[in-house]
Amino acid sequence: MRCPFCGYLEDKVVDSRPNDEGVVIRRRRECLGCGERFTTYEKVETMQLIVIKKDGTRETFDRDKLMSGVVKSCEKRPVSIEQMEELVDDIEKQLLNTMRKEVTSSEIGEILMERLKDLDQVAYVRFASVYKEFKDVDTFMEELKKIIKKK
């Protein structure tokens, strides 16, 4: 690590401690050239996930977009923001754990639908109606019948 004061390339770590729930390590360093102390932060480099949309375009995975869809689906439902955040966290981890660099938006939608089905069935139907682009009431009723049958 290059010293920000003198540019010397050697230093020693004086103190290390986890920060941000163990995601980041804060290190106090002392330059072996000039003796000045400075702070660095170290974290694991995460893989950038690319989403392939229905039209074939690609964009960076946006956790906020996923959260927005969940919030809209769960609006006026007895689902806490903590439950919604946990759901989004779990889906994001699941996607990153596949170690794939690209994932289709339909894969994300299917995962989210399955998870919403367990969390809140009304939220599931709301999301499914937009995601599956129900064309008419009959298609919508078929989906509701599936849910009722499973009960």
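The first residue of the sequence shown is numbered 1, and numbering continues consecutively from there.
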Worksheet entry | Within one Ile-Leu-Val-Met-Phe-Trp-Tyr cluster: V13 and I25, side-chain cutoff 4.5 Å | no
Item to complete: To the nearest 0.5 Å, tell me how far S105 OG sits from R58 CZ.
Response: 11.5 Å
Worksheet item: Quick one: are M1 and F38 in side-chain contact, heavy atoms under 4.5 Å?
Response: yes
Worksheet item: Between R37 and E30, is there a donor-acceptor pair closer than 3.5 Å when you use the side chain of the first and the backbone of the second?
Response: no
Discussion item. For a quick test of reading the model, state the closest non-hydrogen atom pair linking P78 to D120 and the distance between them.
Written reply: CD-OD2, 4.0 Å
Worksheet item: Any donor and acceptor pair, going by atom type alone, linking the side chain of Q83 with main-chain N or O of S80 inside 3.5 Å?
Response: yes
Discussion item. With rounding to the nearest 0.5 angstrom, report the CG to CG distance, L95 to D90.
Written reply: 11.0 Å
Item to complete: Please determine which of T40, T39, D15 meets the side-chain hydrogen bond (donor to acceptor under 3.5 Å, both in side chains) test together with R28.
Response: T39
Worksheet entry | Closest heavy-atom pair and its distance - Y8, C31 | CB-SG, 3.7 Å
Worksheet item: Is the shortest heavy-atom distance from the side chain of V79 to the side chain of L119 under 4.5 Å?
Response: yes
Worksheet item: Step by step, would you call L112 with L66 a side-chain contact (heavy atoms from CB on, under 4.5 Å)?
Response: CA-CA 9 Å; L112 179 54; L66 187 59; 3.8 Å; yes
Discussion item. Evaluate V51 against I108 for side-chain contact (heavy atoms from CB on, under 4.5 Å), listing each step before the verdict.
Written reply: CA-CA 9 Å; V51 178; I108 296 170; 3.8 Å; yes
Item to complete: Answer yes when R29 and D11 have at least one side-chain N-carboxylate O distance shorter than 4.0 Å, and no when they do not.
Response: yes
Discussion item. Please determine whether side-chain contact (heavy atoms from CB on, under 4.5 Å) holds for the pair T60 and Q48, giving the CA-CA distance in whole Å, both sets of side-chain angles, and the decisive distance to 0.1 Å.
Written reply: CA-CA 7 Å; T60 305; Q48 192 82 350; 2.9 Å; yes
Item to complete: Give, for atom CD of E85 and atom CD of E92, the distance between the pair rounded to the nearest 0.5 Å.
Response: 12.0 Å
Discussion item. Would a single hydrophobic cluster contain both F61 and L96, if residues Ile, Leu, Val, Met, Phe, Trp and Tyr are joined by side-chain heavy-atom contacts under 4.5 Å?
Written reply: yes
Practice prompt. Compare all side-chain heavy atoms of I111 with those of Q94 and state whether any distance is below 4.5 angstrom.
Written response: yes
Worksheet item: Does K72 pair with E75 as a salt bridge, N-O distance under 4.0 Å?
Response: no
Worksheet item: If you round to the nearest 0.5 Å, how far is CE of M67 from SG of C74?
Response: 8.5 Å
Worksheet item: Does some side-chain heavy atom of L116 sit less than 4.5 Å from a side-chain heavy atom of L87?
Response: yes
Item to complete: Output, in order, the C-alpha distance, side-chain angles, deciding distance and verdict of side-chain contact (heavy atoms from CB on, under 4.5 Å) for M113 and F127.
Response: CA-CA 7 Å; M113 273 199 316; F127 182 81; 3.3 Å; yes
Worksheet item: Is there a side-chain contact between K101 and L49, using heavy atoms and a 4.5 Å cut-off?
Response: no
Worksheet item: What pairs with R27 under side-chain hydrogen bond (donor to acceptor under 3.5 Å, both in side chains), at least two apart in sequence or on another chain?
Response: S16, E42
Worksheet item: Distance from I50 atom CD1 to T57 atom OG1, nearest 0.5 Å?
Response: 11.0 Å
Worksheet entry | Nearest-0.5 Å distance, CD of residue E36 to SG of residue C3 | 7.0 Å
Worksheet item: Are the side chain of S73 and the backbone of G69 linked by a donor-acceptor contact shorter than 3.5 Å?
Response: yes
Worksheet item: Can you check whether E107's main-chain N or O pairs, donor with acceptor, with E110's side chain at less than 3.5 Å?
Response: no
Item to complete: Decide yes or no for E59 and K65: does some side-chain heavy atom of the first lie under 4.5 Å from some side-chain heavy atom of the second?
Response: yes
